[in-house]
Student: 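What follows is a structure written as structure tokens; I'll ask about it next.
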Amino acid sequence: MVKLIGPKQKIKLAVFISGTGSNLKNLIKHSLLKKSSFRIELIISNNSKAKGLNFAKKYKIKKKIVNYRNNKYVEKEILNTVRKYKIELICLAGFMKILSENFIKKFKGKIINIHPSLLPKYKGLNTHERAIKQKENYSGCTVHFVNSKLDSGKIILQKKVKISKKDTPKSLGKKILKQEHLLYKKAIEKIYFNS
Ligand code: GRF
């Protein structure tokens with residue numbers, strides 16, 4: 001792909017969150033650099049109390065809160081919003097809802113996720129606890145494309161993290177999260193520039 005020049009041509013991202021939003025924060029920070037190939041156009045949260053929503057105000061980014069109790073319409077609402085802002089890439093960052101096959105089809109190859117394990121190991125929840133229990137020497141994080149099977153799409157980038165004997169799920173989670181913050185932006189740059 002040809003390298004893009006100038007801020008107007010930056011890739012338009014939507015970041016989907018449910019909680020703290022530390023990955024979101026790090027993506028925003030990177031997006032503000034001149035060298036960044038993307039900018040965050042929209043934040044979507046299924047949780048009106050998500051801490052990460054504060055970054056919308058702080059960095060003047062449009063936000064949309066969606067209500068999953070109204071399941072039938074919620075994805076339509078998301079779809080309309082994402083289309084309205086001409087979003088080119090959806091980044092899931094701690095988004096605790098599963099998108100339907102139909103939704104994923106509509107954005108084929110344009111939805112990515114960050115997961116706190118070395119996929120294909122430890123899909124789903126409680127990854128750090130399970131890795132420690134299995135006496136793994138390493139865990140880590142993975143950025144991957146989203147397909148209709150949970151945490152199973154094509155891997156874009158991974159980072160290994162050593163598990164020490166003293167690690168608890170909490171301490172390991174902290175170490176991995178630090179690496180997630182570096183990995184996510186790299187993975188997005190890789191999609192567009194293969195670098
Ligand atoms: C991260 O560990 C991410 O890998 C997982 O959910 C967590 C979100 O953390 N999917 P944050 O909200 O970005 O701080």
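We're numbering straight along the sequence, starting at 1. Both ligands and their constituent atoms are indexed starting at 1 by order of listing.
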Student: Quick check: His30 with Phe38 (ring centres under 6.0 Å apart)?
Tutor: yes
Student: Classify the ring geometry of Phe103 against Phe107: parallel below 30°, tilted from 30° to 60°, perpendicular beyond 60°.
Tutor: parallel
Student: Less than 4.5 Å apart, any side-chain heavy atom of Glu77 and any of Lys64?
Tutor: yes
Student: List the closest protein heavy-atom neighbour of atom 8 (C) of ligand 1: residue, atom name, distance to the nearest 0.1 Å.
Tutor: Gly94 CA, 3.6 Å
Student: Looking only at protein heavy atoms, identify the closest one to atom 14 (O) of ligand 1 and say how far it is in Å.
Tutor: Ser22 OG, 2.5 Å
Student: Please indicate whether any nitrogen or oxygen in Gly21 is less than 3.5 Å from any nitrogen or oxygen in ligand 1.
Tutor: yes
Student: Measure the distance from atom 9 (O) of ligand 1 to every protein heavy atom, then report the residue, atom name and distance (to 0.1 Å) of the closest one.
Tutor: Asn23 ND2, 4.0 Å
Student: Of all the atoms in ligand 1, which lie at a distance below 4.0 Å from a heavy atom belonging to Thr20?
Tutor: 12 (O), 14 (O)
Student: Applying a strict 4.0 Å limit to heavy atoms, is Ile114 in contact with ligand 1?
Tutor: yes
Student: I want to know if ligand 1 touches Asn113 in the polar sense, i.e. an N/O pair below 3.5 angstrom.
Tutor: no
Student: Considering only non-hydrogen protein atoms, determine which one is nearest to atom 2 (O) of ligand 1 and report residue, atom name and distance to 0.1 Å.
Tutor: Glu180 OE2, 2.9 Å
Student: Can you list every pair that meets salt bridge (charged side-chain N to carboxylate O under 4.0 Å, His left out) and has a residue in residues 132-144, with sequence neighbours left out?
Tutor: Lys121-Glu136
Student: Does any part of the side chain of Phe16, heavy atoms only, come nearer than 4.5 Å to the side chain of Ile78, both counted from C-beta?
Tutor: yes
Student: Does Ser45 have any side-chain hydrogen bond (donor to acceptor under 3.5 Å, both in side chains) partners at least two apart in sequence or in another chain, and if so, which?
Tutor: none
